[in-house]
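A short write-up of the structure that comes next.
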Amino acid sequence: VVAGIVRDVTITGAYRCIGDSAENRRSGEVRLYNVTVDGTSYALNFGYGKNEEKLIAEGSHFYGWSSYTGFSEALFTDCTFGWDSTGSQGNLRPYINTTLTGCRFEGKTDADGNPVPFNIHFKSGSDGITLTLEDCYVGDTLITEENLHTLLSVSQEGNRILVFNSEE
């Protein structure tokens with residue numbers, strides 16, 4: 001995706017589903033509406049851009065590793081994040097300030113039936129990033145400051161995770 005809107009599409013089986021590359025650098029804002037991505041590794045993988053435009057996703061499902069940079073910010077509304085089709089990647093790695101509103105995270109179970117939570121990890125040395133969770137859930141459980149680290153596998157490094165809920 002160089003720039004623009006992706007709407008009403010399902011992408012499966014690709015290694016890097018939606019993103020850019022050194023050869024195909026993004027040159028504008030990216031908006032994703034009603035998109036389902038279930039790849040074999042990366043759901044989102046943006047690494048190039050001018051840091052001036054936004055990444056905006058609404059009503060979309062991202063299964064796999066989602067990482068992004070090169071935007072001024074990322075905004076996800078009513079989206080779902082989960083493990084990829086191989087069960088090996090279930091990560092959100094923001095390199096920029098990100099707000100998730102009304103989003104859900106899905107975990108999985110291992111071979112013994114034990115829960116394996118979805119991962120939120122910041123890149124080592126990427127201090128100063130803020131991830132804001134507003135009315136977000138793991139399954140049917142509302143994420144709060146108190147249960148964040150129980151429901152999700154979180155590696156904050158030198159970054160902040162803010163949790164806000166209208167129900168509290």
Side-chain angles (χ1 to χ4, degrees), residues 1-21 24-85 89-108 117-122 129-145 148 151-152 154 159-168:
V1 174
V2 177
I5 297 173
V6 178
R7 181 185 306 273
D8 303 324
V9 66
T10 298
I11 302 168
T12 61
Y15 179 74
R16 294 182 193 267
C17 292
I18 297 179
D20 58 11
S21 67
N24 296 300
R25 293 176 183 262
R26 186 183 48 75
S27 61
E29 184 171 272
V30 173
R31 293 177 174 259
L32 308 170
Y33 298 103
N34 192 31
V35 172
T36 297
V37 180
D38 189 0
T40 60
S41 188
Y42 289 92
L44 297 176
N45 188 228
F46 287 97
Y48 302 92
K50 299 178 183 178
N51 299 322
E52 297 169 357
E53 299 87 8
K54 295 178 183 177
L55 170 61
I56 299 171
E58 294 181 20
S60 296
H61 305 274
F62 304 103
Y63 299 105
W65 185 296
S66 293
S67 64
Y68 44 87
T69 188
F71 293 97
S72 61
E73 66 180 321
L75 306 169
F76 295 88
T77 304
D78 298 325
C79 292
T80 300
F81 295 87
W83 292 81
D84 69 3
S85 57
Q89 298 291 337
N91 302 286
L92 174 63
R93 180 172 266 187
Y95 290 77
I96 57 173
N97 292 338
T98 300
T99 300
L100 287 83
T101 304
C103 294
R104 294 189 179 273
F105 296 93
E106 297 176 355
K108 67 174 187 169
F118 189 84
N119 303 300
I120 296 178
H121 293 270
F122 295 92
I129 296 168
T130 299
L131 174 65
T132 304
L133 304 173
E134 299 177 6
D135 296 322
C136 293
Y137 290 80
V138 172
D140 293 328
T141 304
L142 181 67
I143 299 170
T144 65
E145 287 184 25
L148 171 68
L151 296 174
L152 297 166
V154 178
N159 301 289
R160 296 183 309 157
I161 298 179
L162 305 175
V163 179
F164 298 100
N165 293 305
S166 59
E167 296 179 17
E168 294 185 296

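At a threshold of 4.5 Å between non-hydrogen side-chain atoms, the residues Leu133 and Ile161 count as touching. Side-chain contact check for Thr130 versus Leu162: some heavy-atom pair is nearer than 4.5 Å. Residues Tyr137 and Ile143 form no side-chain contact, since every pair of their non-hydrogen atoms from C-beta on lies 4.5 Å or further apart.
Among all heavy-atom pairs drawn from Phe46 and Gly19, the shortest one is CE2-CA, 3.6 Å. For Pro117 against Leu151, the heavy-atom pair with the smallest separation is CB-O, 3.4 Å. His121 and Pro94 make their closest contact through O-CD, 3.8 Å (heavy atoms, listed as atom of the first residue, atom of the second, distance). In this structure, Glu106 and Tyr63 approach most closely via the heavy-atom pair OE1-CE2, 3.3 Å. Closest non-hydrogen pair, Leu55 versus Phe71, comes out as N-CD2, 3.4 Å. Residues Ile96 and Gly70 come closest through the heavy atom pair CG2-N, 4.4 Å.
Aromatic ring orientation, Phe118 versus Trp83: perpendicular (interplanar angle above 60°, classes split at 30° and 60°).
Contacts of Asp135 classified as side-chain contact (heavy atoms from CB on, under 4.5 Å), with partners at least two apart in sequence or in another chain: Asn165, Ser166. Residues passing the side-chain contact (heavy atoms from CB on, under 4.5 Å) test with Lys54, sequence neighbours excluded: Glu29, Ile56, Ser72, Glu73, Leu75.
In terms of modelled atom types and a separation under 3.5 Å, the side chain of Asn97 and the main chain of Ile129 share no donor-acceptor contact. In terms of modelled atom types and a separation under 3.5 Å, the side chain of Asp38 and the main chain of Ser85 share a donor-acceptor contact. Side chain of Ser60 to main chain of Val35: a donor-acceptor pair is present (N/O by atom type, distance under 3.5 Å, no hydrogens or angles).
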Could you check Phe76 against Phe81 for ring pair (Phe, Tyr, Trp, His ring centres under 6.0 Å), going step by step and ending with a plain yes or no?
CA-CA 10 Å; Phe76 295 88; Phe81 295 87; 5.3 Å; yes
Thr36/His61 under side-chain hydrogen bond (donor to acceptor under 3.5 Å, both in side chains): CA gap, chis, key distance, verdict:
CA-CA 5 Å; Thr36 297; His61 305 274; 4.6 Å; no
Evaluate side-chain hydrogen bond (donor to acceptor under 3.5 Å, both in side chains) for Asn45 paired with Ser67, printing each intermediate quantity in order.
CA-CA 5 Å; Asn45 188 228; Ser67 64; 3.2 Å; yes
If you apply the rule side-chain contact (heavy atoms from CB on, under 4.5 Å), what do you find for Val37 with Tyr42, and how did you get there?
CA-CA 9 Å; Val37 180; Tyr42 289 92; over 6 Å; no
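Listed by first and then second residue, the salt bridge (Lys or Arg N to Asp or Glu O under 4.0 Å) pairs that reach into residues 89-105 come to none, sequence neighbours excluded.
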